[in-house]
Chemist: 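Would you mind keeping the following structure in view while I ask a few things?
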Protein chains: 2
Amino acid sequence: MSKIKETSTNFANKQALADECPEVYAASIIGGQWTLVICSWLINGKLRFGELKRLLPNITERMLTLQLRKLEENKIVSRTVYAEVPPRVEYELTPIGYEMKSVIKALEKWGEKHKKLE
Amino acid sequence: MSKIKETSTNFANKQALADECPEVYAASIIGGQWTLVICSWLINGKLRFGELKRLLPNITERMLTLQLRKLEENKIVSRTVYAEVPPRVEYELTPIGYEMKSVIKALEKWGEKHKKLE
DNA sequence: GACATTACTTACATTTTTTATAGTACCACA
DNA sequence: TGTGGTACTATAAAAAATGTAAGTAATGTC
C-alpha cells in the first residue's frame with residue numbers, strides 16, 4: 001500500500017467521491033484485489049493467517065498482510081494475537097464486517113447473472 | 001486503459017479470482033474509480049457524454065471515455081450515436097446494467113452504516 | 001547449537017490505473 | 001475566413017497497486 005500521496009489529484013478525487021456517494025465509499029473499502037475473497041472466507045468464521053494463505057494459494061504474504069491491515073483499519077476484521085510460540089493470530093469479521101454479507105450476496109447474484117451473458 | 005499484460009502474475013490472479021468467485025467477478029466489472037458514480041447517474045435515465053462530464057466535474061474526458069468504453073464492452077451501457085453536427089452521443093444502461101440497482105442499493109446501505117462508525 | 005514453525009517485515013521491481021495536456025473532425029453560422 | 005460546440009484521440013507522465021525475494025523474532029525440540 002505504501003503511503004498515499006495526499007496532494008495528488010487522484011487522492012482528492014477519491015475523497016470527494018467517497019464523501020458524496022456512500023456506494024463509492026463502500027466500494028473503496030472493499031475494492032482491493034483480494035479484499036472480497038478474504039471477507040467471503042471470513043464470513044464462515046475466524047481464520048488464522050496461515051489458513052487464509054492456504055485458502056488463497058496465489059496471494060503473497062505481503063499482499064495478505066496489507067489487505068488484512070487495511071481491513072483492520074477499516075474495522076472490518078479484528079485481529080487477535082495469542083502470545084505463543086510459534087505465534088498464532090486469528091482474524092475475524094467485526095459486526096459491521098458480517099453485515100457485508102448482504103453486499104456480497106448482491107454482488108454474487110448480479111455477477112452470476114452477468115456471466116451468463118457472455 | 002492501455003493494454004493489460006496478459007503474462008503478468010497480476011493478470012493471472014485477477015482472472016483466477018474472477019473465474020471462481022462471482023462476487024469478485026462483479027467487483028472487477030464495476031470497480032473502476034468512476035464506474036459506480038457513472039452507473040448511479042445513468043440509473044435515472046440516459047445521458048449524453050457532455051452531461052456526464054458536467055455531473056462529474058473532476059473527471060477528465062479521457063477517463064470518462066475509458067470508463068464508458070469499458071462499461072460498453074461489458075454490456076452495461078449502450079451507446080447511441082446520432083449523425084448530427086455537432087455530434088450527439090447518448091449512453092444508457094442495458095437491462096443487466098439496470099439490474100445493478102440492487103448492488104448499488106446494498107453498497108449504499110452498508111456504506112452509510114459503516115460511515116457512522118468513524 | 002542447528003532447525004523448524006508461524007506471522008510477519010523490508011527493500012525493491014513491475015504492472016496497472018489515473019491524470020495532464022494538447023490535439024482532431026465535423027459543419028453550421030457569422 | 002473564422003469561431004463555436006461536441007465527443008472524442010494521442011502521448012506522456014505521475015501515482016497507486018501488486019509482486020518478488022529475502023530476512024526477522026521467538027522458542028521448543030532434536
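Nothing here was measured: the structure is a model prediction, and the numbers come from that model. In what follows, every chain begins at residue 1, and chains take the letters A, B, ... in the order their sequences are listed.
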Chemist: Under a 4.0 Å threshold between the charged nitrogen and the carboxylate oxygen, would B:E90 count as salt-bridged to B:R88?
Modeler: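 Looking at B:R88 and B:E90, the cut-off is met.
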Chemist: So, OP1 or OP2 of C:dT15: does either fall under 4.0 Å of a side-chain N or O from B:N10?
Modeler: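 No, no such contact exists.
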Chemist: For A:F11 and B:R69, find the nucleotide of DNA chain D closest to each by heavy atoms; which residue's nucleotide sits nearer the 5' end?
Modeler: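 The answer here is B:R69.
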Chemist: Within the modelled atom types, does a donor on one side and an acceptor on the other bring the side chain of A:R62 and the base of D:dT18 under 3.5 Å apart?
Modeler: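 Present.
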Chemist: Taking CG from B:N13 and C1' from D:dT20, how many angstroms apart are they, rounded to a whole number?
Modeler: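 Rounded to the whole Å, the gap is 13 Å.
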Chemist: Looking only at heavy atoms, which two atoms of B:C39 and B:I76 are closest? And how far apart?
Modeler: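 Shortest heavy-atom separation between B:C39 and B:I76 comes out as SG-CG2, 4.2 Å.
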Chemist: What I want to check is whether the side chains of A:S40 and B:E23 have a donor and an acceptor closer together than 3.5 Å.
Modeler: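 Yes, a side-chain donor-acceptor pair sits under 3.5 Å.
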Chemist: Could you check whether A:T65 gets within reach of a base, just the sugar-phosphate, or nothing at all, counting any heavy atom under 4.0 Å?
Modeler: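 Base contact.
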Chemist: How about B:K113: does its NZ atom have over 12 heavy atoms from other parts shown lying under 6.0 Å from it?
Modeler: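 Counting other residues, nucleotides and ligands, NZ of B:K113 stays at 12 neighbours or fewer.
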Chemist: Can you tell me the distance, in whole Å, between the CG atom of B:L66 and the P atom of C:dT19?
Modeler: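 Atom-to-atom, B:L66 to C:dT19, this comes out as 11 Å.
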Chemist: Calculate the interatomic distance between A:I59 atom CD1 and D:dA21 atom P; express it in whole Å.
Modeler: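 After rounding, the reported distance stands at 17 Å.
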Chemist: Heavy atoms under 4.0 Å, any strand shown: does B:Y82 hit a base, just sugar-phosphate, or nothing?
Modeler: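 Here B:Y82 touches no strand at all.
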Chemist: Please report, rounded to the nearest Å, how far the P atom of C:dT19 is from the CG atom of B:L56.
Modeler: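 To the nearest whole Å, that distance equals 11 Å.
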Chemist: Ignoring hydrogens and geometry beyond distance, is a side-chain donor-acceptor pair present between A:T35 and A:Q67 at under 3.5 Å?
Modeler: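 Distance-only check passes for A:T35 and A:Q67.
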Chemist: Name the residue closer to the 5' end of DNA chain C, choosing between B:P86 and B:W34 according to the nucleotide with the nearest heavy atom.
Modeler: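 Final value for this comparison: B:W34.
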Chemist: By nearest atom, which of the nucleotides C:dA20, C:dA7, D:dA7 is closest to the A:F49 side chain?
Modeler: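 The listed nucleotide nearest to A:F49's side chain is C:dA7.
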Chemist: May I ask you to say whether B:E51 pairs ionically with B:K53, meaning some side-chain N is under 4.0 Å from a carboxylate O?
Modeler: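 Judged by the 4.0 Å cut-off on N to carboxylate O distance, B:E51 and B:K53 do not form a salt bridge.
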Chemist: Calculate, to the nearest 0.5 Å, the distance between atoms CG and CD1 belonging to A:N13 and B:I59 respectively.
Modeler: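 Those atoms lie 8.5 Å apart.
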Chemist: Between C1' on D:dA16 and CD on A:Q67, what's the gap in Å once rounded to a whole number?
Modeler: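 Checked: the CD to C1' distance equals 13 Å.
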Chemist: Only stems of 3 or more consecutive Watson-Crick or G-U pairs count here, both distances under 3.5 Å; name the ones for DNA chain C, or none.
Modeler: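 So the stems come out as C:1-30 with D:1-30.
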Chemist: Between B:E51 and A:V85, just flag the one whose closest nucleotide in DNA chain D comes earlier from the 5' side.
Modeler: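 It is B:E51 whose nearest nucleotide is closer to the 5' end.
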Chemist: Hey, which sits more toward the 5' end of DNA chain C by its nearest nucleotide, A:G50 or B:K5?
Modeler: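 Closer to the 5' end of DNA chain C: A:G50.
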Chemist: Atom CG of A:L64 and atom P of D:dG19: how far apart are they, to the nearest Å?
Modeler: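 After rounding, the reported distance stands at 12 Å.
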Chemist: Whole angstroms only, please: what is the CD-P distance between A:Q33 and D:dT18?
Modeler: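 In whole Å, D:dT18 P and A:Q33 CD are 5 Å from each other.
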Chemist: I'd like to know if the side chain of B:N74 pairs up with that of B:K70 as donor and acceptor (distance under 3.5 Å, no hydrogens or angles considered).
Modeler: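 B:N74 vs B:K70: no donor-acceptor pair found between side chains.
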Chemist: So if I take every side-chain heavy atom of B:K14 and compare against C:dT16, C:dA20, D:dA15, which nucleotide ends up nearest?
Modeler: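 Of the options given, the side chain of B:K14 lies nearest C:dT16.
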Chemist: At 4.0 Å (heavy atoms only), tell me whether A:S8 reaches a base, stays on the sugar-phosphate, or touches nothing.
Modeler: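 Counting heavy atoms under 4.0 Å across all strands, the contact made by A:S8 is with sugar-phosphate only.
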Chemist: Between C:dT15 atom C1' and B:E6 atom CD, what is the distance in whole Å?
Modeler: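 Distance check: B:E6 CD to C:dT15 C1' gives 14 Å.
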